[in-house]
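Following: one structure in C-alpha cells, then a few remarks.
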Amino acid sequence: MQIKKFTAKNYSLALEQVKRELGDDALIMSTRSIKSNSPLSGPNSASMVEITAAVEFKEPVLATVEEDLIGSDALDMKSLIFNLLSDRGQAQTLGLKPSQFETYSHLVENGLDGNLASKILKRSMGAEDEKPAKEKLRVMNLMKKVIPFEGEISLQTGSPKIVAFVGPTGVGKTTTLAKVAADYAIRKNKKVALVSLDTYRLGAVDQLQIYGDIMNLPVEVAGGKSELREIVNKHSDKDLILIDTTGRSHRDKEYSQQLKEIFDAVGGVETHLVLSVTAQEKLFSTTYQQFLPLGVDRVLFTKLDEGLNFGALFNFSVRNRVPLSYFTVGQNVPEDLEIAGPDKVISLIFN
C-alpha cells in the first residue's frame, strides 16, 4: 500500500491531485487545514488543505492467488479501512465536500445506504461556498423526485376494480384493507365488497367480517380460483373488490405461484405488497422477491408510527422502482390511512 500527502488551496483541488496521481480507488485517510510554509506568506495568510491518501497495489498474479485462497467474501484492505473510518472519513473517501458531511451523516444514521446517500449528494452538489441549509434543501428536493409514487387506487368504469393485499404475517394487511374499504365506502360513497382468501389463519375471516358488519359491506370467503371467479361475477355491480390474503413466511416460494393461478382466473387483479417499516430492510427485499412472480403493482408501508428510522423505505423504493400507494400510521379505521407522498417520506427521514 502506498500512502501519500497532498496539499492545495482547497479540498476540491487537493482531491483532484489524489485522483490524478493515485486514481479513483484511493482512500482518504485524513484531512486537515495547515498554514502555508512559504516565506512569502504573512501571518494572516490563508490556510491550505492537506489530504493523506492511500492506494493498494498488487501484482496481478499474486492478487489472483490471494483471491483463490481467501475467497470472495473476505474483506480486502480497502473495505477494511473504509469500515474503520468515521462517517466524516467515509464521506471524504466518497468524494463529498466538507459542507456535505453533516447531511451525509444524518442520512446514514437514519438508515439510508451510504453509497446511495453519496450519489444523491454528488448529484445535488452546489458551489464550494454554498450554505449547508441551501444544499440540504436541494438534496431533499432531489430525493422527492426519485421516489416513485402512484397515489390511491384508481377505479374503472364498466367493471369493478379488483385489488389484492399480499405480504408477510403481522404487517397489518387486514386492518389496512379495512381502512381502504372505509375510505371508498364511507368517504367516497362507492360500492365495495370484501373477499378473504385467508382460510389458513385462525380468526382471519372473523376479523374481516367484523369490519364488514360495521361498514355494512358484504364479506365473502374464497378457497380457490373457481370460488373467487363466482364471487367476482356475483359482485360485478361493485366499484371496488378488495381481497385479503394469507400471510406467509418469505421462505415460502410456492405461495406466490398459488396466488397467481387464483388471480389469473379472474384477471386484472392489482397487487399491493404490504410491508411494515418496523421490519429489517433485508426482509423488504426477500418479501419483494417472494411475490415478484405474482406481479407487484404497488407497495404500501404500515406502522409508520412505530418506526425508528425510515431510510430503508427510501432505499427499497428507489432500488426496486415500485410505486408507493399508501402509508398507515395507527390502528384507527379509516383515520390512520394516508396517500403516500414525497413530502411525507422526506419529513420522516430529515425530522
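Because only heavy atoms are used, hydrogens play no part in the values below, and waters and symmetry mates are left out as well, while side chains stay in. For this chain, numbers begin at 1 and follow the sequence in order.
Side-chain contact between L155 and K190: present, with at least one pair of heavy atoms (C-beta onward) separated by less than 4.5 Å. The side-chain heavy atoms of L275 and V171, taken from C-beta on, include no pair separated by under 4.5 Å. I339 has its side chain within reach of Y326: a pair of non-hydrogen atoms, C-beta onward, lies under 4.5 Å apart. Between I243 and V163 the shortest side-chain heavy-atom distance does not fall below 4.5 Å. Put simply, the side chain of I153 reaches to within 4.5 Å of the side chain of Y184, judged on heavy atoms. Residues L22 and Q17 have side chains not in contact (no heavy-atom distance under 4.5 Å, counting atoms from C-beta outward). Side-chain contact between Y288 and V322: present, with at least one pair of heavy atoms (C-beta onward) separated by less than 4.5 Å. Using a 4.5 Å heavy-atom threshold, the side chains of T246 and Y255 count as touching.
In summary, of the residues considered (E152, E270, H272), a side-chain hydrogen bond (donor to acceptor under 3.5 Å, both in side chains) with S325 occurs for H272 alone.
Between the side chain of D239 and the backbone N or O of K191 there is at least one donor-acceptor pair closer than 3.5 Å. With hydrogens and angles disregarded, a donor-acceptor distance shorter than 3.5 Å links the side chain of D113 to the backbone of N115. Side chain of H106 to backbone of I349: a donor-acceptor contact under 3.5 angstrom is found. Between the side chain of T286 and the main chain of L283, a donor-acceptor pair closer than 3.5 Å is present. A donor-acceptor pair is defined here as one N or O able to donate and one able to accept, closer than 3.5 Å; such a pair exists between the side chain of T245 and the backbone of F165. Panel note: side chain S105, backbone F101; a donor-acceptor pair is recorded below 3.5 Å.
Closest non-hydrogen pair, L259 versus V166, comes out as CD1-CG1, 3.9 Å. Residues P168 and T287 share a closest heavy-atom pair of CD-CG2, 3.6 Å. The two atoms that bring L13 and N10 nearest to each other are N-OD1, 2.8 Å, heavy atoms only.
Between the side chains of E281 and N315, at least one donor N or O lies within less than 3.5 Å of an accepting N or O. Between the side chains of T52 and K5, a donor-acceptor pair is found at a separation under 3.5 Å.
One finds no salt bridge joining E261 and K225 here, because no Lys/Arg side-chain nitrogen approaches an Asp/Glu carboxylate oxygen to under 4.0 Å. A salt bridge is defined here as a Lys NZ or Arg NE, NH1 or NH2 lying under 4.0 Å from an Asp or Glu carboxylate O, and E227 with K234 fails to meet this definition. Note on K173 versus D244: no salt bridge recorded, every NZ/NE/NH1/NH2 to OD/OE distance being 4.0 Å or above.
Note: S347 OG to D343 CG = 7.5 Å, rounded to the nearest 0.5 Å. Summarising the geometry, atom OG belonging to S256 is positioned 10.5 Å from atom CZ belonging to F263; distances are rounded to the nearest 0.5 Å. Rounding to the nearest 0.5 Å gives a distance of 11.5 Å between CG of L142 and NZ of K144.
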Can you give me every donor-acceptor pair (side chain of residues 175-182, partner residue at least two apart or in another chain, under 3.5 Å) with its distance?
residue, atom, partner, partner atom, Å
T176, OG1, G172, O, 2.7
K179, NZ, G330, O, 2.3
K179, NZ, D336, O, 3.4

